[in-house]
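Okay, so here's the structure we're looking at.
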Amino acid sequence: MDGLRYFHDKLPLVSFLVLLPLTTTLSILANAAPFNLTTIPFDEGYNHLFGDGNLVRSPDGKGVRLLLDQYTGSGFISSSLYDHGFFSAKIKLPSDYTAGICVAFYTSNADVFEKSHDELDIEFLGNRERKPWRFQTNLYGNGSTSRGREERYRLWFDPTKDFHRYSILWTPNNIIFYVDEVPIREVVRKEAMGGDYPSKPMSLYATIWDASNWATDGGKAKVNYKFAPFVAEFKDLVLEGCPADPIEQFPFAEFCAEKLAYLTSQDYSTISHARRAAMRRFRQRYMYYSYCYDSLRYPIPMPECEIIPAEKARFKDTGRLKFGGSHKKQPKRRSRNQGAASDNQVDM
């Protein structure tokens, strides 16, 4: 440890990170400089969305447990829609056999703009026993569901053993997805994206639901309800943004300017050199599908894609890794706001 302390004193953090294994690097970043966040009790910012008794509030009122059983999943929604914001929660995922399960933490306005909705997703995909959870991020703007921008990843820890913080920053200029304090993806707004960049006020959602038809091995592994109930836990909830009426779009711009200035001044709104190095290494080690390298789906890369030659060399023209990883064509997904017995289908 004396040697490490010496290097730590002598080298900038970004250089020091290069000397360490990736898991050590990410752990240092996740624990060394926590964001300055203000959490709120569940009832101050959220409402029960669906699932009858399958949403259980914690005794201290600061968190909830979402359950999935053979009758229904469950979920909650923010009390307001927000004109941009920072949305965050500490989440602990179900353990053991979780194939076919999707736990989603996302923003959307589909209930207001049915055919032109915006969305930002973090979706956790369950797996067979003794196989790890995987997860994906995605975004849509103005109903651009035919132009999905999925990326899929593994994690450097077991998300069933303890709580970890998952966050979405959304500003007019960029979107950043975080795991703990590690940025894993940034989308910088390009003019050529047009309406594909989310721009209308959105609510924050969290759900657990039966996604047997697509979540695990392309739908081959289904939810096995003999292991039910499946429980996802949420706590230390953060809602930072300007509550806005999605219909009255013009008045809120000036009203929300002060809140937007606050958001963009926070530590999580810019990626430091050290965190950018960690993001690059995370993506090199743990990203196993990227739409930016899926030339079969998109012969011309999306305008926001930064094509990195060294990174591109690792992927096939399907956007999948040349060695390891998986990404299968997905059928239409069942709504995350429906119970397990529902047959309703929606495009996400």
Side-chain angles (χ1 to χ4, degrees), residues 102 104-108 117-127 131-156 168 170 174-179 182-198 211 213-221 276 279-334 336 345-348:
C102 180
F105 184 75
Y106 65 106
T107 65
S108 178
H117 85 285
D118 306 285
E119 189 169 324
L120 296 168
D121 297 325
I122 299 177
E123 294 180 309
F124 302 96
L125 310 176
N127 219 329
K131 290 198 173 185
W133 280 81
R134 300 191 178 197
F135 75 109
Q136 66 181 27
T137 61
N138 204 349
L139 68 133
Y140 301 111
N142 202 35
S144 58
T145 55
S146 63
R147 296 183 293 279
R149 288 166 157 88
E150 302 95 338
E151 290 186 349
R152 286 195 173 191
Y153 328 85
R154 296 177 291 114
L155 288 161
W156 67 94
I168 302 170
W170 169 46
N174 69 330
I175 295 161
I176 305 175
F177 295 91
Y178 283 96
V179 177
V182 179
I184 63 164
R185 178 182 184 183
E186 180 182 30
V187 178
V188 177
R189 183 176 191 169
K190 303 291 186 182
E191 185 176 350
M193 293 179 71
D196 282 8
Y197 190 90
N213 63 331
W214 69 274
T216 308
D217 293 341
K220 292 180 181 178
R276 191 164 296 280
M279 180 171 69
R280 183 170 58 250
R281 298 191 71 188
F282 168 85
R283 294 170 68 80
Q284 289 172 348
R285 185 70 63 89
Y286 293 108
M287 184 172 71
Y288 67 89
Y289 172 82
S290 172
Y291 73 104
C292 286
Y293 300 118
D294 192 340
S295 59
L296 295 183
R297 193 173 167 197
Y298 303 117
I300 299 175
M302 295 288 197
E304 73 279 5
C305 287
E306 180 185 359
I307 304 300
I308 302 170
E311 189 171 270
K312 182 179 180 180
R314 299 170 48 241
F315 291 90
K316 304 175 186 177
D317 56 5
T318 58
R320 292 181 293 167
L321 285 178
K322 290 182 176 178
F323 303 99
S326 64
H327 180 82
K328 301 181 183 297
K329 184 176 181 180
Q330 300 171 6
K332 291 183 178 180
R333 304 187 205 174
R334 282 163 52 178
R336 290 170 291 195
Q345 302 266 327
V346 297
D347 286 325
M348 293 305 220

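The structure displayed is predicted, hence computed values, not measured ones.
Between Trp156 and Tyr286, the ring-plane angle classifies as tilted under the 30° and 60° cut-offs. Note: Tyr140 and His117 have tilted aromatic rings, judged against thresholds of 30 and 60 degrees for the angle between ring planes.
Judged as a side-chain hydrogen bond (donor to acceptor under 3.5 Å, both in side chains), and not counting sequence neighbours, Asn127 has no contacts. Applying the side-chain hydrogen bond (donor to acceptor under 3.5 Å, both in side chains) criterion to Asn174, with sequence neighbours excluded, gives Thr171, Glu186. Qualifying side-chain hydrogen bond (donor to acceptor under 3.5 Å, both in side chains) partners for Tyr153, counting only residues two or more places apart in sequence or in other chains: Thr137, Glu151. Remark: Phe177 engages no residue in a ring-ring contact (aromatic ring centres under 6.0 Å, His included) (not counting sequence neighbours).
Partner of Glu304 under the salt bridge (charged side-chain N to carboxylate O under 4.0 Å, His left out) criterion, chosen from Arg185, Arg149, Arg189: Arg149.
For the pair Ile175/Tyr197, a side-chain contact is recorded, criterion being any heavy-atom separation below 4.5 Å from C-beta on.
For the pair Asp118 (side chain) and Asn142 (backbone), a donor-acceptor distance under 3.5 Å is present.
For Asp294 and Tyr289, the side-chain atoms include at least one donor-acceptor pair closer than 3.5 Å.
In terms of heavy atoms, Cys292 sits closest to Ile307 at O-CD1, 3.6 Å.
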Expected list for residues 308-317: side-chain donor-acceptor pairs under 3.5 angstrom, two or more places apart:
| residue | atom | partner | partner atom | Å |
| --- | --- | --- | --- | --- |
| Glu311 | OE2 | Tyr293 | OH | 2.8 |
| Arg314 | NH2 | Gln284 | O | 2.6 |

